[in-house]
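Inspection log for the structure reproduced underneath, given as C-alpha cells.
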Amino acid sequence: MDQYKIKHMIIDDHFDGQEYVTADFSYNNKDYSVTFNKSDLETINTWLFEENKSIPAHLSESVIDAIRDDVRKRI
C-alpha cells in the first residue's frame, strides 16, 4: 500500500447527539477526508478534494483500515 499522511484530525464530541472523528489526509498526491463514528470507528463518509470541489471518494478497504487503526491510536 502506498503511504498516506494524516494532516489534520477533528473530534466532534456531542455533535447532533453523535460523536464523530474526521481525518484529513493525503494519499497518492491527492487530498481526502474520512469521517468515522467515534464509538466503533464505522466509516460514515469519504471525500476526495479536487479542483475546488469535493466528490465521494472510493478508497480500498485496506486504506480505510489503515486510517482507522491510526485514528484509533490517536484518540
Under a 4.0 Å threshold between the charged nitrogen and the carboxylate oxygen, would Lys73 count as salt-bridged to Asp70? no
Measuring from Leu59:CG to Asp65:CG, what's the distance to the nearest 0.5 Å? 11.5 Å
Decide yes or no for Pro56 and Trp47: does some side-chain heavy atom of the first lie under 4.5 Å from some side-chain heavy atom of the second? yes
Hey, does Glu19 have a side-chain heavy atom less than 4.5 Å from the side chain of Ile11? no
Within a strict 4.5 Å, meaning less than it, do heavy atoms of the Phe36 and Ile64 side chains meet? yes
Give a yes or no on whether the backbone of Lys30 and the side-chain of Asn28 come within a donor-acceptor separation of less than 3.5 Å. no
Determine whether Thr43 and Arg68 make a side-chain contact, defined as any pair of heavy atoms from C-beta on separated by less than 4.5 Å. yes
Rounded distance (nearest 0.5 Å) linking atom OH of Tyr20 with atom CG of Leu41: 13.0 Å
How about Lys7 and Asp31: do any of their side-chain heavy atoms sit closer than 4.5 Å? yes
Which pair of non-hydrogen atoms, one from Ala57 and one from Thr46, has the smallest distance, and what is that distance? O-OG1, 2.9 Å
Tell me whether the rings of Tyr4 and Phe25 are parallel (<30°), tilted (30 to 60°) or perpendicular (>60°). perpendicular
Do the side chain of Thr35 and the main chain of Ile44 share a donor and acceptor less than 3.5 angstrom apart? no
